[in-house]
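Read the structure below first, then the notes.
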Amino acid sequence: MDKPASPQRHLVALLWAALLAGPSAVAGERIIDVRTGQTLSREALIKVIADSDFLLLGELHDNPLHHQRRGELLAALPETTTVVAEHLQVGKQMAPSGALLNSLEDAGFDAKAWRWPLHGPLFAAIRERGLPLAGGNIPRATARAVVRDGGGAIPTELSEVVAGSPLAAASQASLDAELLRSHCAQVPAAMIPGLRLAQQTRDAAMFGALSIAVGRPAVLLAGNGHIRSDYGVPRLLRQHRPNRRLIAVAFLEEGAATAPDEQATPYDYLWITEAASRADPCADFKRPAA
């Protein structure tokens, strides 16, 4: 009798089947070139991104479709692809074998915070494809220290990048507005500069992890805010790696964005899916202390 397939292998097999099925596998979804406003097929997008030096794939953290689609994309990229994830700590790597969740947790993955198994299909596809996966985020304790204590709490290896890449006034205003929105407009004004600096420190860490990645394309998996060209990782890459080919693909939800528009401009491509079912995230939000 054949040995039953593991749940992980079965999941990845489904991902591969969806990939090989072609455009019909993403019926009802749209991929948009922000520059032209034209829609394109997944196959056309794969051809474009496969030749990039740096590929940034965004997400809405609680939308499972975004993790599934990115797993499918990674399965179609060259074997030289390397991956950096916001979900793991900088300086750590996911082991190529062993239980998937255990390997992720050993690399700094917080299963509760990231609502495991939402990201399961994404990381399972990376494991099955044999792609190296490294962390790109600062520890939560470091982020809290930066919010509380300011620039003096930024790790030495990141402080030069942050100090040397000040935000333009318009970019800072956009980031501050997003930080206020993501905290349900309940953040004391005195906390905004610290939250902004923590975001910049995270971006600097992801930039650093991408910069030392050996294979190409070097892929960043992160929230859509981290892959914006106005205040995210792309501006650091363009400043410090100006001759490299960079592509940012934001994953958004139907009804939240059309293209091209103001919301679309910080990205190169949009992949729009149906919205996830979710409760009001601000219903039980607790106002942080100043």
Side-chain angles (χ1 to χ4, degrees), residues 26 29-35 39-40 42 45-46 48-50 52-77 81-88 113-115 118-119 121-123 125-126 133-137 171 174-175 177-179 181-182 199-200 202-207 209-210 213 217-238 245-276 278 281:
V26 290
E29 299 178 18
R30 293 177 293 143
I31 303 171
I32 303 169
D33 184 333
V34 171
R35 296 165 300 176
T39 59
L40 65 160
R42 180 175 52 192
L45 178 65
I46 290 171
V48 171
I49 64 179
S52 61
D53 293 304
F54 298 111
L55 172 61
L56 284 63
L57 299 178
E59 66 178 71
L60 292 177
H61 297 313
D62 63 349
N63 190 315
L65 275 175
H66 295 179
H67 312 314
Q68 293 173 22
R69 297 296 178 248
R70 292 182 303 162
E72 294 165 7
L73 285 179
L74 289 170
L77 292 181
T81 300
T82 57
V83 186
V84 171
E86 173 193 4
H87 319 77
L88 310 182
W114 291 110
R115 297 174 59 185
L118 270 178
H119 290 75
L122 172 63
F123 292 123
I126 293 170
L133 174 62
N137 207 345
S171 299
S174 294
L175 176 54
E178 174 57 23
L179 290 169
R181 184 203 65 78
S182 64
Q199 180 89 350
Q200 292 177 266
R202 291 188 181 95
D203 289 339
M206 294 181 213
F207 158 72
L210 282 173
V219 180
L220 175 65
L221 305 173
N224 288 323
H226 291 294
I227 71 163
R228 289 176 60 114
S229 61
D230 51 354
Y231 59 70
V233 177
R235 73 186 188 91
L236 299 177
L237 288 169
R238 291 190 171 109
R245 187 159 184 253
L246 163 65
I247 297 175
V249 183
F251 281 73
L252 301 173
E253 293 180 339
E254 193 66 62
T258 54
D261 65 7
E262 242 181 19
Q263 187 175 7
T265 52
Y267 312 109
D268 300 304
Y269 295 89
L270 301 180
W271 189 314
I272 301 176
T273 72
E274 66 182 42
R278 59 173 68 87

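These figures come from a predicted structure and were not determined experimentally.
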[atom1]/[X] to [atom2]/[Y] distance, rounded to the nearest 0.5 angstrom?
{"X": "Glu86", "Y": "Met206", "atom1": "CD", "atom2": "CE", "value": "4.0 Å"}
{"X": "Arg30", "Y": "Leu252", "atom1": "CZ", "atom2": "CG", "value": "10.0 Å"}
{"X": "Ile49", "Y": "Leu55", "atom1": "CD1", "atom2": "CG", "value": "5.0 Å"}
{"X": "Thr39", "Y": "Leu45", "atom1": "OG1", "atom2": "CG", "value": "12.0 Å"}
{"X": "Leu175", "Y": "Gln200", "atom1": "CG", "atom2": "CD", "value": "7.0 Å"}
{"X": "Gln68", "Y": "Asn63", "atom1": "CD", "atom2": "CG", "value": "8.5 Å"}

Using the test ring-ring contact (aromatic ring centres under 6.0 Å, His included), find all partners of His87 that sit at least two apart in sequence or belong to another chain.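 Only Trp114, His119, Phe123 meet the ring-ring contact (aromatic ring centres under 6.0 Å, His included) criterion with His87.
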ring-ring contact (aromatic ring centres under 6.0 Å, His included) partners for Phe207, two or more places apart: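 Scan of Phe207 (ring-ring contact (aromatic ring centres under 6.0 Å, His included), adjacent residues dropped) gives His240.
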Check against side chain to side chain contact (heavy atoms under 4.5 Å, CB included), Val48 and Tyr269: CA-CA 11 Å; Val48 171; Tyr269 295 89; 3.5 Å; yes
Where do [X] and [Y] come nearest, in terms of heavy atoms and distance?
{"X": "Leu118", "Y": "Pro64", "value": "CD2-CB, 3.8 Å"}
{"X": "Ser229", "Y": "Pro234", "value": "CA-CB, 3.9 Å"}
{"X": "Ala85", "Y": "Leu133", "value": "CB-CD1, 3.9 Å"}
{"X": "Ile272", "Y": "Ile32", "value": "CD1-CD1, 3.7 Å"}
{"X": "Leu56", "Y": "Leu246", "value": "CD1-CD1, 3.2 Å"}
{"X": "Pro217", "Y": "Leu77", "value": "CG-CD1, 4.3 Å"}

Keeping the roles fixed (side chain from [X], backbone from [Y]), state whether a donor-acceptor pair exists under 3.5 Å.
{"X": "Ser171", "Y": "Asp230", "answer": "yes"}
{"X": "Asp53", "Y": "Ala218", "answer": "no"}
{"X": "His226", "Y": "Gln199", "answer": "no"}
{"X": "Glu253", "Y": "Ala276", "answer": "yes"}
{"X": "His66", "Y": "Leu60", "answer": "yes"}

Residues that [X] engages under salt bridge (Lys or Arg N to Asp or Glu O under 4.0 Å), provided they are two or more places apart:
{"X": "Asp62", "answer": "Arg278"}
{"X": "Arg238", "answer": "none"}
{"X": "Arg70", "answer": "Glu59"}

Check whether any side-chain heavy atom of Ile227 sits under 4.5 Å from a side-chain heavy atom of Leu57, and report yes or no.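 They are not in side-chain contact.
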Please test Tyr267 against Arg228 for side chain to side chain contact (heavy atoms under 4.5 Å, CB included), starting from the C-alpha separation and ending with a verdict. CA-CA 6 Å; Tyr267 312 109; Arg228 289 176 60 114; 3.3 Å; yes
Dump the intermediate steps for side chain to side chain contact (heavy atoms under 4.5 Å, CB included) on Leu74 and Leu122, then the final yes or no. CA-CA 9 Å; Leu74 289 170; Leu122 172 63; 3.8 Å; yes
Quick one: side chain to side chain contact (heavy atoms under 4.5 Å, CB included) partners of Val84, sequence neighbours excluded?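 Val84 satisfies side chain to side chain contact (heavy atoms under 4.5 Å, CB included) with Ala209, Leu210, Leu220 only.
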Applying side chain to side chain contact (heavy atoms under 4.5 Å, CB included), run through Val249 and Asp268 and close with a yes or a no. CA-CA 6 Å; Val249 183; Asp268 300 304; over 6 Å; no
